[in-house]
Amino acid sequence: MIEVKHLTKKYGDKLAVNDISFKVEKGEILGFLGPNGAGKSTTMNMLTGYISSTSGQVLINGADILEEPKKAKANIGYLPEIPPLYLDMTVDAYLSFMFDLKKCKLPRKAHLKDVCDLCKISDVRHRIIKNLSKGYKQRVGLAQALINNPPVLILDEPTVGLDPNQIIEIRSLIKKLGKRHTVILSSHILPEIQAVCDRIIIINKGVVAADGTADDIAKNITNEHKMTLRIEGQNHSKDDKEEIVSELRKIDGIKYVRADMEREKGIYDYDVETDGKTDVRRAINKLCAEKGWNILMLQLSDLTLEDIFLKITMGDGIDADSDKKAQDKKPVRINLMTEAEEKAAMEAAKEAAADKDNEGGEE
Amino acid sequence: MGAIYRREMSSFFTSGLGYVFLTVFYAVSGYYFYDKVIESGLSDTSPMFESMLIMFVFLVPILTMRLISEEKKNRTDQGILTAPISLWELVLGKYFAAMTLFVIAESIIFVYAIIIRYLGDVVWSTLLGNYFAMLILGGAFIAIGLFVSSLTENQMTSAVVSLVIMLILYYYDETLLEKIQSDSIVKVAAMAAAFFIVYRIVSVVSGNYAISTASGAGAAGVVFAVFHFAIKEISVDKIQRFLSEFSFHTRYVEFTKGVFSVPSILFFISTAFLFNFFTIRVLEKRRWS
């Protein structure tokens with residue numbers, strides 16, 4: 001449906017998008033995730049033919065967006081970050097204009113009514129767009145994208161600036177649209193992407209950093225598992241805390257232990273990270289039994305998409321072997337760095353490995 | 001094209017710009033009609049049409065200032081540039097919308113014709129010839145205004161720049177050229193032109209300011225040497241005659257005198273075509289930059 005091959009965009013010397021490739025199949029909802037300035041909007045503008053690419057190719061339904069623009073554009077409905085609304089027109093006049101502009105052959109009245117009903121703007125159809133609230137403007141923007149039932153919908157941050165109710169409405173609408181259209185959705189809001197999308201592409205500094213379902217990415221981005229423990233020592237004092245931390249660290253498979261705040265009087269929480277291969281719960285239980293401590297709480301906390309996002313976009317936390325593991329497991333690819341950065345990163349990784357050896361006690 | 005055209009037309013009237021344009025046009029042309037025709041007691045309309053040129057200079061920028069700049073500012077260009085239409089449809093839709101308003105405005109002269117009819121005889125050939133002359137002159141001016149509008153995001157900048165360009169075109173005629181009698185001005189102009197052309201080419205190729213400045217200065221020096229040693233005397237007349245071919249004013253006034261010149265018609269129409277083409281290039285260029 002949509003095929004993007006080695007897409008690159010340079011603004012002068014600045015590389016905004018660097019060699020992005022992906023494919024979206026029919027009926028898929030693809031989430032485009034990345035921090036501000038990552039190249040999301042630039043990519044979307046290239047997909048829709050608003051700007052051209054420096055190199056690479058975009059195929060919409062087999063038609064190249066630059067070679068056969070009319071054919072390709074006829075298949076796309078686009079909602080840019082700022083909806084392209086003529087503020088001095090009424091909603092009806094505007095949608096009718098877009099209907100003509102897209103050379104839509106469907107029966108005008110019925111089609112516009114359908115679109116308005118779908119986006120829930122039927123009650124504002126005779127109002128001037130300037131006077132509408134932000135949420136309504138966004139929905140008019142969406143309605144405009146839906147005119148002529150394009151098989152591909154490209155939505156750039158469709159829920160930005162909406163109140164929670166509206167966000168939920170728009171999300172469920174997009175989900176509904178995903179059944180009939182191929183949707184590409186960009187956002188920097190993680191729960192949104194998680195709630196709506198079948199597949200996620202994380203883009204950072206103009207390159208694809210991860211591509212796969214939320215679970216795939218979570219599994220591949222890291223092999224660490226976290227848990228939170230609340231352990232009651234014998235003395236109910238700070239000495240307990242230090243003893244517990246040092247004893248926990250001795251357990252095989254625990255990589256990292258950190259004492260958290262005092263949650264109950266004299267009782268502390270501990271954040272524990274394991275290497276992901278060994279199940280340490282039994283060992284901890286045994287230790288506590290031997291020492292006469294009580295486990296008051298044990299909570300496993302797997303990485304959320306948020307953690308993954310932070311890890312990827314902050315450019316830390318992924319060590320050499322999770323990277324290798326990720327490369328073995330297609331189709332999920334982890335490609336954090338541009339080529340230029342790669343050399344530097346390799347050296348950094350070597351140093352990090354040396355550091356780790358020194359800190360052996362913690363592993 | 002139809003969709004763009006219809007939207008622009010309705011936008012002229014919802015934004016009020018169309019009303020302002022028509023009101024001012026009717027008021028000022030009415031004044032000229034009274035002053036040059038009724039007051040003079042002659043049914044000759046030529047002086048009226050000649051005076052009306054300055055009015056176009058001030059009014060056309062109002063008509064064209066927001067055509068493209070506003071789209072860019074409000075980001076509505078993302079809507080139309082991603083729609084399945086070509087740039088020609090987009091630009092011509094806007095161009096013909098402005099042209100339509102212009103035609104509505106200038107058709108007021110038929111009302112004047114009726115008034116003259118009551119008082120005396122209408123010279124239809126002059127009147128219709130001038131109607132046509134205004135139409136093609138307006139066509140050229142609107143294309144220039146549209147082009148300027150595509151260069152900026154700011155309506156005011158667009159209006160002021162088009163106004164300045166049209167004022168220059170208005171004053172650019174033989175009387176202005178005659179003031180450039182001394183050949184030293186021609187020399188300086190030629191040297192400046194040589195400098196900028198070479199500077200631009202070299203800076204695109206090399207990207208180095210020092211080298212391009214030096215080669216620009218070199219080119220200017222060569223031009224100076226050519227003038228100084230090879231062409232000792234410049235025939236200012238010839239240059240003037242050549243430059244005056246580009247005078248909008250001269251060509252338009254010719255029409256008001258009743259001369260129906262085909263070269264002038266072609267001149268205005270090709271200007272309109274050329275600037276619409278430039279506008280398209282600007283829009284295209286923006287995508288690629």
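Computed over heavy atoms, backbone and side chain alike; hydrogens, waters and symmetry mates excluded. Per chain, numbering begins at 1; letters A, B, ... match sequence-line order. None of these values were measured; they are calculated from a predicted model.
With a 4.5 Å cut-off on non-hydrogen atoms, R75(B) touches chain A through its backbone and its side chain both. Neither the backbone nor the side chain of I147(A) comes within less than 4.5 Å of any heavy atom in chain B. Interface residue S53(A): only backbone heavy atoms are found under 4.5 Å from chain B. Contact annotation for L101(A): both backbone and side-chain heavy atoms come within less than 4.5 Å of a heavy atom of chain B. Using a 4.5 Å cut-off between heavy atoms, N75(A) does not touch chain B at all. Both the backbone and the side chain of F97(A) come within contact range of chain B, each with at least one heavy atom under 4.5 Å from a heavy atom of that chain. For chain B, no part of P69(A) is nearby; none of its heavy atoms comes within less than 4.5 Å. Only the side chain of E71(B) comes within less than 4.5 Å of a heavy atom in chain A; its backbone stays farther off. Neither the backbone nor the side chain of L90(B) comes within contact range of chain A, judged by heavy atoms closer than 4.5 Å. Interface remark: K9(A) contributes side-chain atoms only to the contact with chain B (heavy atom separation under 4.5 Å). Contacts of M46(A) with chain B are absent, with no heavy-atom separation under 4.5 Å from either backbone or side chain.
Note: T76(B) leads I80(B), L81(B), T76(B) in heavy-atom pairs under 4.5 Å with chain A.
Between Y78(A) and Y50(A), the distance from one ring center to the other does not fall under 6.0 angstrom. Taking the six-membered ring where the residue is Trp, the centroids of F102(B) and F141(B) are separated by 6.0 Å or more. For F110(B) and Y131(B), the gap between ring centers is short of 6.0 Å. In this structure, the ring of F273(B) has its center no less than 6.0 angstrom from the ring center of F278(B).
For N154(B) (side chain) and M156(B) (main-chain N/O), a donor-acceptor pair under 3.5 Å exists by modelled atom type. Using modelled atom types, no side-chain atom of T271(B) and backbone atom of A140(B) make a donor-acceptor pair closer than 3.5 Å.
Within the cation-pi definition used here (under 6.0 Å to the ring centroid, within 45° of the axis), R66(B) qualifies as a partner of F12(B).
Judged as a side-chain hydrogen bond (donor to acceptor under 3.5 Å, both in side chains), not a single pair has a partner in residues 14-27 of chain B (not counting sequence neighbours).
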